[in-house]
There are 2 protein chains.
Amino acid sequence: MLHRPDAFDARCPTRQVLDRIGDKWAVLVLILLEQETLRFNALRRRIDSISQKMLSQTLKSLERDGLISRRAFATVPVTVEYSLTPLGRTLAGTVAALTQWAEAHIGEVEDAQRRYDRGEAAA
Amino acid sequence: MLHRPDAFDARCPTRQVLDRIGDKWAVLVLILLEQETLRFNALRRRIDSISQKMLSQTLKSLERDGLISRRAFATVPVTVEYSLTPLGRTLAGTVAALTQWAEAHIGEVEDAQRRYDRGEAAA
DNA sequence: GGATGTTGGTTCCCATTGGATACTAGGGAA
DNA sequence: TTCCCTAGTATCCAATGGGAACCAACATCC
């Protein structure tokens with residue numbers, strides 16, 4: 001890879017990382033795992049409305065990216081624990097800033113939406 | 001809205017903001033507009049591989065959320081300028097931290113992917 | 001003077017994706 | 001016996017994303 005990171009070039013690997021952030025489920029999983037190690041169904045219960053398919057898909061790709069680690073125990077029924085890797089922990093910190101922005105500015109965003117929708121209705 | 005922001009509840013408005021971040025095109029537009037005001041086709045030329053449809057869709061929803069502002073001039077052909085609002089500027093700053101993370105850690109992510117894929121191939 | 005290119009989009013169609021539901025195995029509890 | 005638990009997978013359908021064509025009104029090229 002000779003060219004410097006340029007997120008606006010589709011071929012750039014940085015874009016891959018950005019696309020991963022662009023996955024709402026991945027973001028929610030990172031936030032939860034930052035606080036504690038969790039099992040598959042524990043994650044499912046906390047993330048309202050995620051499907052089993054999307055959760056297992058999300059976990060698999062986060063594991064492939066080295067952001068979370070998976071440990072299975074031969075209990076009955078089988079137990080699987082997911083936790084952040086050190087790399088994942090650095091990303092989770094950055095992502096947390098985003099959720100703080102969201103919680104701080106959601107009111108302004110909603111106001112803007114209402115203004116926009118009123119204008120559209122008038123036009 | 002009585003309940004406190006809880007991004008894990010699908011009904012929560014904070015989730016809407018998170019979903020907006022979860023739009024890779026929106027993120028790229030915010031980064032570009034942080035540096036300068038740009039016209040429609042200027043944005044299109046800089047964001048490699050975005051389609052006209054997705055760009056106009058992205059700009060429309062960013063405008064609705066009060067993050068960017070649109071100004072049209074009655075020239076021939078018509079000129080349309082997009083720029084960040086003050087609200088959008090605060091979000092762009094936060095998002096920039098994310099792209100810095102991406103550029104700093106892309107190597108580690110790629111290493112992890114190669115390790116994972118070798119393991120999969122072996123299994 | 002016709003073809004082409006410019007502007008900022010919209011519309012149509014198809015491929016990919018996301019989500020709901022059902023199913024797996026191997027037991028424990030009612 | 002039937003249901004529930006675990007952590008997923010398989011299947012099907014609806015929604016979304018992207019490519020290409022099209023729009024008006026003019027400037028420039030040949």
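Just so it is clear: chains get the letters A, B, ... in the order the sequence lines come, proteins before strands, and each one is counted from 1.
Checking the phosphate oxygens (OP1, OP2) of C/dT10, a side-chain nitrogen or oxygen of B/Ser56 falls inside 4.0 Å.
With values rounded to the nearest 0.5 angstrom, B/Gln57 atom CD is found 9.5 Å from B/Ile50 atom CD1. To the nearest 0.5 Å, the span separating OG1 on B/Thr85 from CD on B/Glu63 amounts to 10.5 Å. The line from CD1 of B/Ile47 to CG of B/Leu43 is 5.5 Å long, rounded to the nearest 0.5 Å. To the nearest 0.5 Å, atoms NZ (A/Lys53) and OG1 (A/Thr58) are separated by 10.5 Å. Rounded to the nearest 0.5 angstrom, B/Leu18 CG and B/Arg15 CZ are separated by 8.0 Å. Annotation: the span from A/Lys24 atom NZ to B/Asp19 atom CG amounts to 4.5 Å, rounded to 0.5 Å.
Secondary structure note: stems in DNA chain D built from 3 or more consecutive Watson-Crick or G-U wobble pairs under 3.5 Å occupy C:1-24 with D:7-30, C:26-30 with D:1-5.
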Contacts under 3.5 Å, N or O only, protein and nucleotides 21-24 of chain D:
from	atom 1	to	atom 2	distance (Å)
D/dA21	N6	B/Gln52	OE1	3.4

Distances under 3.5 Å between protein N/O atoms and the N/O atoms of nucleotides 14-19 of chain C, please, pair by pair.
from	atom 1	to	atom 2	distance (Å)
C/dG19	OP2	A/Trp25	NE1	3.0
C/dG19	N7	A/Lys53	NZ	2.5
C/dG19	O6	A/Lys53	NZ	2.4

What does the list of N/O pairs under 3.5 Å between the protein and nucleotides 27-30 of chain C look like, with a distance for each?
none

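Within the 4.5 Å cutoff, side-chain heavy atoms of A/Leu59 are placed close to those of A/Tyr82.
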Please set out all donor-acceptor pairs under 3.5 angstrom arising from side-chain atoms of residues 26-40 of chain B, sequence neighbours excluded.
from	atom 1	to	atom 2	distance (Å)
B/Gln35	NE2	B/Ile31	O	3.4
B/Glu36	OE2	B/Arg46	NH1	2.9

Identify every side-chain donor-acceptor pair in residues 93-101 of chain B under 3.5 Å, counting partners at least two apart or on other chains, and give the distances.
from	atom 1	to	atom 2	distance (Å)
B/Thr94	OG1	B/Thr90	O	3.2
B/Thr99	OG1	B/Ala96	O	2.8
B/Trp101	NE1	A/Thr90	OG1	2.9

Side-chain donor/acceptor pairs under 3.5 Å, residues 67-74 of chain A, sequence neighbours excluded:
from	atom 1	to	atom 2	distance (Å)
A/Ser69	OG	A/Ser83	OG	3.2
A/Arg71	NH2	A/Glu81	OE1	3.1

Subject >> B/Val109/A/Gln16 under side-chain contact (heavy atoms from CB on, under 4.5 Å): CA gap, chis, key distance, verdict >> reply: CA-CA 10 Å; B/Val109 170; A/Gln16 292 173 21; 5.8 Å; no
Original post:
Run the salt bridge (charged side-chain N to carboxylate O under 4.0 Å, His left out) check on A/Asp117 and A/Arg114 step by step: do they pass?
Top reply: CA-CA 5 Å; A/Asp117 293 344; A/Arg114 274 190 293 271; over 6 Å; no
**OP:** Take B/Leu91 and A/His105 through the side-chain contact (heavy atoms from CB on, under 4.5 Å) test and state the conclusion after the steps.
**Re:** CA-CA 9 Å; B/Leu91 179 54; A/His105 297 280; over 6 Å; no
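For the pair B/Leu55 CG and C/dT10 P, the interatomic distance rounds to 11 Å; values are reported in whole Å.
Residues from residues 65-74 of chain A placing a heavy atom under 4.0 Å of any atom in DNA chain C do not occur. Near DNA chain D, meaning a heavy atom under 4.0 Å from it, residues 37-46 of chain A has A/Arg39, A/Phe40, A/Asn41, A/Arg45 in order of number.
The shortest heavy-atom contact between B/Ala102 and A/Val17 is CB-CG1, 3.5 Å.
Residues meeting the side chain to side chain donor-acceptor pair (under 3.5 Å) test with B/Ser61, sequence neighbours left out: B/Arg20. Qualifying side chain to side chain contact (heavy atoms under 4.5 Å, CB included) partners for B/Lys60, counting only residues two or more places apart in sequence or in other chains: A/Tyr116.
Within the structure, salt bridge (charged side-chain N to carboxylate O under 4.0 Å, His left out) contacts touching residues 84-102 of chain A (residues at least two apart or in different chains) do not occur.
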